[in-house]
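Scroll down for the structure; my scribbles are underneath it.
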2 protein chains.
Amino acid sequence: MIKETSSNASNRKFLRSACRITGALEILSGRWKALTLIHISEGKNRFSLLKQVLPTVSDQVLGRLLRELEADGLIGKTIIPEVPVRVDYSLTDKGAAVLPILEELAEWYDKR
Amino acid sequence: MIKETSSNASNRKFLRSACRITGALEILSGRWKALTLIHISEGKNRFSLLKQVLPTVSDQVLGRLLRELEADGLIGKTIIPEVPVRVDYSLTDKGAAVLPILEELAEWYDKR
DNA sequence: TGAGAGTTACTCACAAAAAAATGAGTGGTA
DNA sequence: TACCACTCATTTTTTTGTGAGTAACTCTCA
C-alpha cells in the first residue's frame, strides 16, 4: 500500500480542514502576539511605547510582529502626519474579542 | 546604554514572567495537539485508532505527540497487558477542561 | 518444531522546514 | 546629528517530519 505523503505543507492543509481550532491557534501562537495585544489594549499603542514594554524585542522583530497582527485582522493602524511621523495602533473588534478568551486560557493554565 | 541581550532562550524566559498566557499557548500550539485532544475525547484513545484518524501523521510524530501531551498533563495512559499489548489514553481533568475554551477560540475565529 | 510474517506500540538519530533573532540600512523631518 | 517608524537579507534556533529499528507476543505453514 502506498504511504500517504505527509510533507509539512500538506499536513498543514489537512489540519486546517480537519480541525476548526487550527486557524485560531496559528494566528495567536506567535511568540509575542498575545502579550502585544494586551499591551496595545492597555494603551501602549505606538512603536516606541511597545519598545519600552518589550525591551528584549528588537525593532525588526517588533515591526514584523505588528505587520502580522495587522494582516491577521487583530490590530489596525492610523498614521498621523505629525513631525516626526506618529503611528497609532489599536485593537480591532476581533482583536478585542479574543482577550477574554485568552484570560480564560491563562486561568486554566494557572489552576494546578 | 547597553542593549539588553535578547537571545531566543532569554526572550522565552522574559515572556514567561511577563505574560500569563504564554504557558498555555506553549503547550497548546504544537501542530497536532488540539486535534489529538479532541480525538481522544471522542474515543480515539489508542495509538492505532489515532493513526487512522490522523493518516498523514507518522508513527514517530504520533509517539512524540503523545509523550508531550502526557508530559504537559493533558492526557494520561494506561497499559493493559493484553496480547498484543494495549495502551489506552484518556484526557486528564486539565485536558478535558481546556476543550470548551478551544471551542470558544474556534467560534471567535470563525466569526469573520 | 521451528522459521517467518504479522501485530501493537513505540524509540533514536538525523534532515528538512518554519519561526525567531540579528546586522545593516531607509525616508522624512527638525 | 538625532528621532521615529520601519524594511530587507541573512543567520540562528526551534519545530516538524523521515528512515530505520525494537520488544514481546501470536499465528501460519512446512
Side-chain angles (χ1 to χ4, degrees), chain A residues 1 3-15 22 25-36 40 44-52 54-72 75 77-89, chain B residues 1 3-15 22 25-36 40 44-52 54-72 75 77-89:
Chain A
M1 200 209 272
K3 174 76 171 66
E4 302 258 40
T5 168
S6 57
S7 69
N8 207 297
S10 64
N11 274 350
R12 215 156 170 168
K13 193 171 161 221
F14 169 85
L15 190 52
T22 301
L25 287 175
E26 273 182 357
I27 68 176
L28 292 172
S29 61
R31 179 163 295 179
W32 301 100
K33 288 186 179 172
L35 181 55
T36 303
I40 291 174
K44 304 295 185 215
N45 63 339
R46 296 176 52 196
F47 201 95
S48 50
L49 292 172
L50 286 166
K51 274 173 68 169
Q52 287 168 25
L54 301 172
T56 67
V57 178
S58 65
D59 279 20
Q60 300 87 323
V61 170
L62 182 54
R64 185 168 52 226
L65 176 60
L66 291 167
R67 277 205 301 285
E68 287 172 10
L69 289 172
E70 197 191 357
D72 288 330
I75 65 174
K77 72 194 267 188
T78 313
I79 297 167
I80 299 160
E82 285 180 1
V83 158
V85 69
R86 182 178 147 194
V87 179
D88 281 6
Y89 292 95
Chain B
M1 199 206 275
K3 173 77 168 65
E4 302 259 42
T5 167
S6 57
S7 70
N8 207 297
S10 65
N11 273 351
R12 217 156 169 167
K13 191 171 163 224
F14 169 86
L15 191 51
T22 301
L25 287 175
E26 273 182 358
I27 69 176
L28 292 171
S29 62
R31 179 164 294 179
W32 302 100
K33 288 186 180 173
L35 181 54
T36 303
I40 291 175
K44 304 294 187 216
N45 62 338
R46 295 177 51 199
F47 201 95
S48 50
L49 293 173
L50 287 167
K51 274 174 68 170
Q52 287 168 26
L54 301 172
T56 68
V57 177
S58 64
D59 280 18
Q60 301 87 320
V61 170
L62 182 54
R64 185 166 52 221
L65 176 60
L66 291 167
R67 276 205 301 285
E68 287 172 8
L69 289 172
E70 199 193 354
D72 288 330
I75 65 174
K77 72 194 267 188
T78 312
I79 296 167
I80 299 160
E82 283 180 2
V83 158
V85 69
R86 183 177 147 195
V87 179
D88 281 5
Y89 293 95

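Order of the sequence lines fixes the chain letters, A, B, ..., with proteins taken first and strands second; residue numbering starts at 1 for each chain.
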(request) Starting from C1' on C:dC12, measure out to CZ on B:Arg67 and report it in whole angstrom. (result) 9 Å
(message) Whether B:Lys77 contacts C:dA9 is assessed here as follows: a side-chain N or O lying under 4.0 Å from the phosphate OP1 or OP2. Is that the case?
(response) no
(request) Using whole Å, report how far CG of A:Leu54 lies from C1' of C:dA21. (result) 15 Å
(request) Measure the shortest side-chain to side-chain distance between A:Leu28 and A:Asp72 over non-hydrogen atoms and say whether it is less than 4.5 angstrom. (result) no
(request) Over all heavy atoms of both residues, which pair between B:Phe14 and A:Pro55 is shortest? Give the atoms and the distance, please. (result) CZ-CD, 3.8 Å
(message) Just the rounded figure in Å: distance from P of D:dT14 to NZ of B:Lys33.
(response) 15 Å
(message) Nearest whole Å is fine: how far is C:dT7 C1' from B:Arg86 CZ?
(response) 14 Å
Show me the protein contacts with nucleotides 15-19 of chain C, counting only N or O atoms at under 3.5 Å.
| residue | atom | partner | partner atom | Å |
| --- | --- | --- | --- | --- |
| C:dA19 | OP1 | A:Arg12 | NH2 | 2.9 |

(message) Closest approach to the side chain of B:Val61, judged atom by atom: which nucleotide of D:dA20, D:dC6, D:dG17 is it?
(response) D:dG17
(request) Calculate the interatomic distance between B:Ile79 atom CD1 and D:dA23 atom C1'; express it in whole Å. (result) 13 Å
(message) Measuring to OP1 and OP2 of C:dA9, would you say a side-chain N or O of B:Arg46 lies under 4.0 angstrom away?
(response) yes
(message) Can you tell me how far apart CD (B:Glu26) and CZ (A:Arg31) are? Round to the nearest 0.5 Å.
(response) 7.5 Å
(message) Tell me the interatomic distance from B:Glu68, atom CD, to D:dT14, atom P, rounded to whole angstroms.
(response) 14 Å
(message) With a 4.0 Å limit, can you tell me whether B:Tyr89 has a side-chain N or O closer than that to the phosphate oxygens OP1/OP2 of C:dT8?
(response) no
(request) Would you please confirm or rule out a distance under 4.0 Å between OP1 or OP2 of D:dT15 and any side-chain N or O of B:Trp32? (result) no
(request) To the nearest 0.5 angstrom, please state how far the CG atom of B:Leu25 sits from the CG atom of A:Leu35. (result) 11.0 Å
(request) Go through D:dC6, D:dC25, C:dT22 for me and flag the one nearest to the A:Ser58 side chain. (result) C:dT22
(request) Measure across B:Val57 and B:Leu62 and return the closest heavy-atom pair with its distance rounded to 0.1 Å. (result) CG1-N, 3.7 Å
(request) Using a 4.0 Å heavy-atom cut-off across all strands, classify A:Arg64 as base, sugar-phosphate, or nothing. (result) base
(message) Are B:Asp88 and B:Lys77 packed together at the side-chain level, in the sense that at least one heavy-atom pair is separated by less than 4.5 angstrom?
(response) no
(message) Please report the distance, rounded to the nearest Å, between CD in B:Glu82 and C1' in D:dA24.
(response) 14 Å
(message) Measure CG/B:Leu62 against P/D:dT18 and give the value in whole Å, please.
(response) 13 Å
(request) Would you mind classifying the nucleic acid contact of B:Lys51 as base, sugar-phosphate or nothing, using non-hydrogen atoms under 4.0 angstrom? (result) nothing
(message) Quick check on DNA chain C: between A:Val83 and B:Gln60, whose nearest nucleotide comes earlier from the 5' end?
(response) B:Gln60
(message) Can you identify which nucleotide, out of D:dG17, D:dC25, D:dA5, has its nearest atom closest to the A:Asn11 side chain?
(response) D:dG17
(message) Applying the side chain to side chain contact (heavy atoms under 4.5 Å, CB included) criterion to A:Tyr89, which one of A:Leu69, A:Thr78, A:Thr36, A:Leu66 satisfies it?
(response) A:Leu66
(request) Kindly give the heavy-atom pair with the smallest separation between A:Lys33 and A:Ile27, and that separation in Å. (result) CD-O, 3.1 Å
(request) State whether B:Ser48 places a side-chain N or O below 4.0 Å from either non-bridging phosphate oxygen (OP1 or OP2) of C:dT7. (result) no
